[in-house]
Amino acid sequence: MKAKSERWFGPNEIAKRLGLSTKALRVYEREGLLHPHRTEAGWRVYGPAHVERLHLILVLRDLGLSLKGIKALIEGRQADLQTVLVVQQESLEAQRKKIDRAIDLLVTARNRLNNGQTLSLDDFINLTRDARMDQRPSPVILKADFETALRDQFPNIANEALAHINQAVADGRMPTKNYAGSKLDTSNGDFTTVFEDMIKEASILMAEGDETSDRAKALARDWNAQSIGLKPAEKSVSEAIQTAFWGTVNDPKSPKSPIFDPEIFRFVATVIKGMKERGEI
DNA sequence: ATTCTCACA
DNA sequence: TGTGAGAA
């Protein structure tokens, strides 16, 4: 016995009523979220149960769930639901970080303008750079940029320079520790993280201002070992590597590059100089 | 006015 | 995660 409200709709009508496209309807069906009835001719028909299901799908979709996640929910697969929710939460938190950073940027920019200060393109670049300071660039990308810079600026000796670097890495002549004490794996060529960590450590120590602390000395030793270990025989090759690498690391136009204060060079040089004078290195 | 598939964002 | 085209 069917209720009198038992109404059936074609794809177009149901789509209109729910503010969907028939295309979307079929995507949901393809993904296993919905199984409309078929007429003998093979045309889809949607009944009350389907409308209800559609409402559920829409709500869940507005919550930001993926179709997969919705499916897991509908099928009551709790284990999958867990991971779905975790993934969704992580995604939302990542979005929030991005937005927070953007807002900070805008607030400081507007403050400057309100104080009658101008805001040049350079200022803006500096702002975004500061906002990105704590972002971790991918060593792989950084390495790719470095190689590109090397080939661009020193096409005739790029291959030789890269061979030197690879050899140094293969020989274990690169620093293999970061300053949180954990091991870094440079065997795959991702030695750039070591430099990033050294730069970061240097900036911390520079702020502390103690050029004779144990931490400063440890850093100086690794910094020194790095330059010695990497140093090719040829001066021109050595200079090419230096120029290309630091140019890459310090390129303000590249959003993925960490920026460091050139003062860091001076600080580390001072530490090394002091250690040499005291015969500690 | 519906079906399906394919390429594309 | 959808969309638009084109054929049936």
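To find a chain, count down the sequence lines: A is the first, B the second, and so on, and within it residues start at 1.
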Looking at [atom1] of [X] and [atom2] of [Y], how far apart are the two atoms once the value is rounded to the nearest 0.5 Å?
{"X": "Glu13(A)", "Y": "Leu18(A)", "atom1": "CD", "atom2": "CG", "result": "10.5 Å"}
{"X": "Leu33(A)", "Y": "Leu25(A)", "atom1": "CG", "atom2": "CG", "result": "11.0 Å"}
{"X": "Lys273(A)", "Y": "Met275(A)", "atom1": "NZ", "atom2": "CE", "result": "14.5 Å"}
{"X": "Leu105(A)", "Y": "Asp100(A)", "atom1": "CG", "atom2": "CG", "result": "12.0 Å"}
{"X": "His164(A)", "Y": "Glu234(A)", "atom1": "NE2", "atom2": "CD", "result": "7.0 Å"}
{"X": "Glu31(A)", "Y": "Lys71(A)", "atom1": "CD", "atom2": "NZ", "result": "7.5 Å"}

Query - Boundaries of the DNA chain B segment in contact with chain A, non-hydrogen, under 4.0 Å - result: dT2(B) to dT5(B)
Close N/O contacts between protein and nucleotides 4-8 of chain C (under 3.5 Å):
residue, atom, partner, partner atom, Å
dG4(C), N7, Lys23(A), NZ, 3.0
dG4(C), O6, Lys23(A), NZ, 3.1
dA5(C), N6, Lys23(A), NZ, 2.8

Query raised in the report: Which part of the nucleic acid, if any, lies within reach of Ser66(A) when heavy atoms closer than 4.0 Å are counted: base, sugar-phosphate only, or nothing?
Result: sugar-phosphate
Query raised in the report: With a 4.0 Å cut-off on heavy atoms, is Arg26(A) in touch with a base, just the backbone sugar-phosphate, or nothing at all?
Result: base
Query - Distance-only polar pair, side chains of Tyr28(A) and Arg61(A), donor-acceptor under 3.5 Å - result: yes
Query raised in the report: Is a side-chain N or O of Asn166(A) found less than 3.5 angstrom from the main chain of Leu162(A), in a donor-acceptor match?
Result: yes
Report task. For dA8(C) versus dA1(B), give the span between their P atoms, rounded off to a whole number of Å. Result -> 22 Å
Check the distance between [N]'s [atom2] and [X]'s [atom1] and give it to me in whole angstrom.
{"X": "Leu20(A)", "N": "dG2(C)", "atom1": "CG", "atom2": "P", "answer": "8 Å"}
{"X": "Leu58(A)", "N": "dT1(C)", "atom1": "CG", "atom2": "C1'", "answer": "13 Å"}
{"X": "Lys68(A)", "N": "dG2(C)", "atom1": "NZ", "atom2": "C1'", "answer": "15 Å"}
{"X": "Arg61(A)", "N": "dG2(C)", "atom1": "CZ", "atom2": "C1'", "answer": "10 Å"}

Query raised in the report: Just to confirm, is there a sub-4.0 Å distance from OP1 or OP2 of dT1(C) to any side-chain nitrogen or oxygen of Tyr28(A)?
Result: no
Query raised in the report: How are the rings of Trp223(A) and Trp246(A) set to each other: parallel, tilted or perpendicular (split at 30° and 60°)?
Result: parallel
Requested in this report: Flag the pair Phe245(A) / Phe146(A) as yes when their ring centroid distance falls below 6.0 Å, and as no otherwise.
Outcome: yes
Query - Between His35(A) and His50(A), ring centroids under 6.0 Å - result: no
Report task. Please work out which residues in residues 10-18 of chain A have a non-hydrogen atom less than 4.0 Å from an atom of DNA chain B and list them by number. Result -> Pro11(A), Asn12(A)
Query - Proximity to DNA chain B (any heavy atom under 4.0 Å), residues of residues 30-43 of chain A only - result: Arg38(A), Gly42(A), Trp43(A)
Query raised in the report: Of all residues at least two apart in sequence or in a different chain, which pass the salt bridge (Lys or Arg N to Asp or Glu O under 4.0 Å) check with Glu280(A)?
Result: Lys217(A), Arg278(A)
Report summary line: side chain to side chain donor-acceptor pair (under 3.5 Å) filter on Glu160(A), not counting sequence neighbours, yields none
